[in-house]
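Throughout, residue positions are numbered sequentially from 1 according to the sequence presented. Note that the structure is a prediction, hence the values are computed from the model and not measured.
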Amino acid sequence: MYRYDEFDRDFLADRNRDFRGQVARRLAGDLSEDEFKPLRLMNGLYLQLHAYMLRVAIPYGVLSSRQLRQLGMIARRWDKGFGHWTTRQNIQFNWIKLTDVPDILEALAEVDMHAIQTSGNCIRNVTADPLAGAAADEIEDPRVWAEIIRQWSTNHPEFSFLPRKFKFAITGALEDRAAIAFHDIGIRMVGGPGGTKGFRIYAGGGQGRTPYVAQEVKDFLEPGQLLSYLEAMLRVYNMHGRRDNMYKARIKILVNAIGVDAYRDQVEAEWKRIQSEGIDFPAEEVERIRAHFAAPKLPNMRVDEAAFSKARAKDAGFDRWVRHNVSQHRNPQYAIVSVAFKEPGRPPGDASATEMEQVADAAERYSRGEVRVTYSQNVILPHVARVDLHDLYSDLKSAGLVEGNTDLITDIIACPGLDYCNLANARAIPVAQDITERFSDPKRAEDIGELRLNISGCINACGHHHAGHIGILGVDKKGTEHYQITLGGSPGDDASVGSILGPSFPAEDITDAIENIVETYLAKRQDGEAFLTTYKRIGADPFKEALYGTR
C-alpha cells in the first residue's frame with residue numbers, strides 16, 4: 001500500500017493546524033454555522049440529526065492493520081464504541097463532539113489518514129476492486145492508478161468546487177466488483193493492441209433522483225494519457241454542469257442532456273488542447289508509486305486437502321463460510337476471505353472498536369497486515385494461506401464475525417437512514433434488521449441463492465437501492481414511513497437500474513412484501529437460476545400480481 005513521505009505528513013500537519021484554529025473560532029462564536037460549514041465540510045465533518053459525523057477517507061478501500069487498530073481506538077475514545085463502513089469504502093463516526101475533532105484528525109494523521117475530500121463538491125474518495133492485487137481474474141492492479149488519481153485530484157485548484165460531488169471507480173479485473181457503471185467516471189483496465197494494457201473510460205453513471213448507467217466515452221486510452229484525459233473530462237463538466245439546480249448538477253445529467261457523442265467530442269477537443277500542459281505523471285513517478293503496490297512475497301504453504309475436506313465435513317458452519325466467504329486467490333495456495341459485518345441484529349456495516357481490533361489482529365496473523373473495505377460494507381483479508389483458513393475461522397468465530405452470507409439475501413447494503421441522517425425520509429437500519437432476522441436460517445438463505453438487497457432511507461440512494469436485485473427506498477407518505485420496492489437492478493457487468501414495482505408499503509408490511517417476492521421467485525425459477533435471471537425471464541408482472549393482486 002502507498003506510504004506517506006515527509007511532504008504528505010507536513011501537508012496533513014498544516015491542514016490539521018488550520019482546522020484546529022477554525023474549530024476554536026467556531027466554539028468561541030467568532031464564526032457562525034453558515035461561515036463554518038464550508039470549512040468543516042472540507043475536512044469531512046457533517047452535522048447530522050443528533051451529533052456531528054466524521055467521514056474518514058480510506059483510499060480505494062485499503063487499510064493496514066495499524067490503521068484499522070487506530071480506527072478502533074478512535075471509536076472507543078471519541079465515539080460510542082463503533083464506526084460504520086460506507087459504500088465508498090470509507091468509515092463514518094456518527095457521534096462526534098466538535099471539540100474533539102482536531103484531536104481525532106491528529107490521531108488519524110499519526111497513521112497517515114485524514115478526512116479530506118470526503119464531503120463537498122469535489123472529487124471524493126476513489127474506489128476500486130476490493131480484491132485488487134489478489135484476484136485470480138486481474139489484468140492489472142488498479143490500486144496503482146487509483147493512487148495516481150488520488151494524488152492528482154487532492155486539493156486540485158480547478159476541481160475543488162465543482163457543480164456537484166464527483167466520484168471515480170476503477171477496476172482491473174475481468175469481473176467488475178467496483179460498480180464502475182454507477183459512477184461519474186468509471187475506469188476499466190483492458191488489454192489493447194499488441195499485448196498492451198490501457199483503460200476503457202465511462203461517464204455519466206450515478207444513482208439518486210435520476211439514476212443512470214454510465215456510457216462509454218473512450219474504448220482505449222494509453223496509461224500515460226490517463227490524467228490529461230480525466231482533466232479534459234472534468235473541465236468540460238465544470239464548464240457546462242448545472243450550478244443553478246443541485247438536482248441537475250451531476251455529470252450524468254449533462255451527458256444524458258447533450259448526448260454521450262457530443263460530450264465525447266468536447267472532451268476530445270479539450271484533451272487535444274491541453275496535452276502539452278504536462279498534466280500526466282512522468283513514467284518514473286508512475287513506477288515510484290507502482291513500487292508501493294508490489295505483490296507480497298507469499299511463502300509456500302501447501303494445504304493437506306484431505307484434512308481440509310474433513311474439517312469442512314465436520315463443521316457445517318465452516319463449510320458454509322468457505323463456500324460463501326472464501327474466494328480464489330491468484331496463488332492457489334492462498335485465498336481471499338470476506339469478513340461479514342452482517343450478522344442478525346446488527347446494523348449493516350457497523351463495526352465495534354473491539355471488532356476492528358480483532359480483525360486487525362487477524363490481518364497481522366493471517367493476511368500480511370492488510371485489510372480491504374468493500375462498498376458492500378464488509379471487510380476483506382486479501383492474502384490468507386488456505387492452510388490457515390480453519391484457524392482464521394475459529395478466531396473470527398470468537399469475535400462473532402463468521403456469518404457465511406456473501407451475496408446472499410442477508411448481505412444487505414443499507415445507509416444509516418433516519419436514525420442518523422437529517423436528509424432521510426425513513427429508517428433503513430430497522431428494516432435491514434427485520435429482513436435479516438426473517439431470512440436468518442442459513443439453509444434457507446443459501447437455497448434462495450445470490451440476491452442483492454439494498455436499502456436507502458431517501459432518494460439520495462446512499463444504500464444503492466437502484467442497483468439492488470431488490471431495492472428498497474424509504475419515502476415519507478403523509479408523515480409516515482413507507483417503502484417503495486424496485487426490482488432488477490445490478491451493479492456489475494450487467495449494470496442496470498431497478499424498476500419501481502408499484503405502490504409503497506408501510507413499515508410494518510415491508511418484510512412480508514420481501515418474503516412474498518422471494519417466494520414468487522422460488523416458485524417461478526427454473527433449474528436453480530438466480531433471482532436476477534428469473535426476473536429478466538419472466539418480467540415484473542408475476543411479482544406485481546403476488547404483491548398487489550388483492551389490493
task = Under the side chain to side chain donor-acceptor pair (under 3.5 Å) rule, what do Thr406 and Asp411 come out as? Steps first, then yes or no, please.
result = CA-CA 6 Å; Thr406 299; Asp411 187 14; 4.8 Å; no
message = For a ring-ring contact (aromatic ring centres under 6.0 Å, His included) check, start with the C-alpha distance between Phe543 and Phe531, then their side-chain angles and the critical distance, and finish with the verdict.
response = CA-CA 12 Å; Phe543 298 99; Phe531 177 88; 5.8 Å; yes
task = Could you give me the CA-CA distance, side-chain angles and deciding distance for Asp79 and Ile74, then say whether side chain to side chain contact (heavy atoms under 4.5 Å, CB included) is met?
result = CA-CA 7 Å; Asp79 200 276; Ile74 290 170; 6.0 Å; no
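Atom CD1 of Ile500 has 12 or fewer heavy atoms from other residues, nucleotides or ligands within 6.0 Å. Crowding of Gln328 atom CD: a count of heavy atoms from other residues, nucleotides or ligands under 6.0 Å not exceeding 12. The number of heavy-atom neighbours closer than 6.0 Å to NZ of Lys524, taken from other residues, nucleotides and ligands shown, is 12 or below. No more than 12 heavy atoms of other residues, nucleotides or ligands shown are found within 6.0 angstrom of NZ on Lys397.
Residues Asp419 and Pro430 are in side-chain contact: their nearest non-hydrogen atoms beyond the backbone lie under 4.5 Å apart. Counting only heavy atoms from C-beta outward, the side chains of Val518 and Asn516 never approach each other to under 4.5 Å. With a 4.5 Å cut-off on side-chain heavy atoms, Asn325 and Asn378 do not count as touching. Using a 4.5 Å cut-off on side-chain heavy atoms (C-beta onward), Ile380 and Val339 make no contact. Residues Ile201 and Phe220 fail the side-chain proximity criterion, which asks for heavy atoms closer than 4.5 Å. Counting only heavy atoms from C-beta outward, the side chains of Leu108 and Val56 approach each other to under 4.5 Å. When side chains are defined from C-beta on, Gln117 does not count as touching Arg150, because their heavy atoms never get closer than 4.5 Å. The shortest distance between side-chain heavy atoms of Glu370 and Ser65 does not fall below 4.5 Å.
From Tyr535, atom OH reaches atom OG1 of Thr520 across 13.0 Å, with rounding to the nearest 0.5 Å. We find the OG-CD1 distance between Ser367 and Ile336 to be 9.5 Å, quoted to the nearest 0.5 Å. Within the model, atoms CD1 of Ile289 and CZ of Arg143 stand 13.5 Å from one another, a figure rounded to the nearest 0.5 Å.
Aromatic pair Tyr2/His292: centroids less than 6.0 angstrom apart. Taking the six-membered ring for Trp, Tyr375 and Trp85 have ring centres at least 6.0 Å apart. Taking the six-membered ring for Trp and the full ring otherwise, His390 and Phe318 have centroids separated by under 6.0 Å. Ring centers of Trp145 and Tyr60: at least 6.0 Å apart, outside the cut-off.
Under the 3.5 Å distance criterion, with hydrogens and angles disregarded, a donor-acceptor pair is assigned to the side chains of Thr374 and Ser376. When only modelled atom types and interatomic distance are considered, Thr86 and Gln92 share no side-chain donor-acceptor pair under 3.5 Å. Using a 3.5 Å distance cut-off with no hydrogens or angles, the side chains of Gln67 and Asp112 do not pair a donor with an acceptor.
Classification of the His329-Tyr334 ring pair by plane angle, with boundaries at 30° and 60°, yields tilted. The aromatic rings of Trp321 and Tyr393 are tilted relative to each other, their planes meeting at an angle between 30° and 60°.
In this structure, Arg444 pairs ionically with Glu519, as a charged nitrogen and a carboxylate oxygen lie closer than 4.0 Å. Electrostatic pairing of Asp315 and Arg320 does not count as a salt bridge here, judged by no charged N lying under 4.0 Å from a carboxylate O. Salt-bridge formation is not detected for the pair Arg177/Glu138: no Lys NZ or Arg NE/NH1/NH2 atom is positioned less than 4.0 Å from an Asp or Glu carboxylate oxygen. A salt bridge links Glu343 and Arg346; the closest N-O separation between the charged side-chain nitrogens and carboxylate oxygens is under 4.0 Å.
Across all non-hydrogen atoms, the minimal contact from Leu54 to Ala115 is CD1-CB, 4.0 Å. For the residue pair Ile409 and Ala445, the shortest heavy atom distance occurs at CG2-CB, 4.2 Å. Taking both residues in full, the closest heavy atoms of Gly208 and Ala461 are given as N-CB, 3.5 Å, listed atom of the first, atom of the second, then distance. Across all non-hydrogen atoms, the minimal contact from Pro348 to Ile412 is CB-O, 3.4 Å. Nearest heavy atom pair, residue Cys458 against residue His465, reads O-CE1, 4.3 Å. Here the closest non-hydrogen pair linking Asp141 and Ala132 is OD1-CB, 3.7 Å.
Asn94 contributes no side-chain N or O that, together with a main-chain N or O of Met53, makes up a donor-acceptor pair within less than 3.5 Å.
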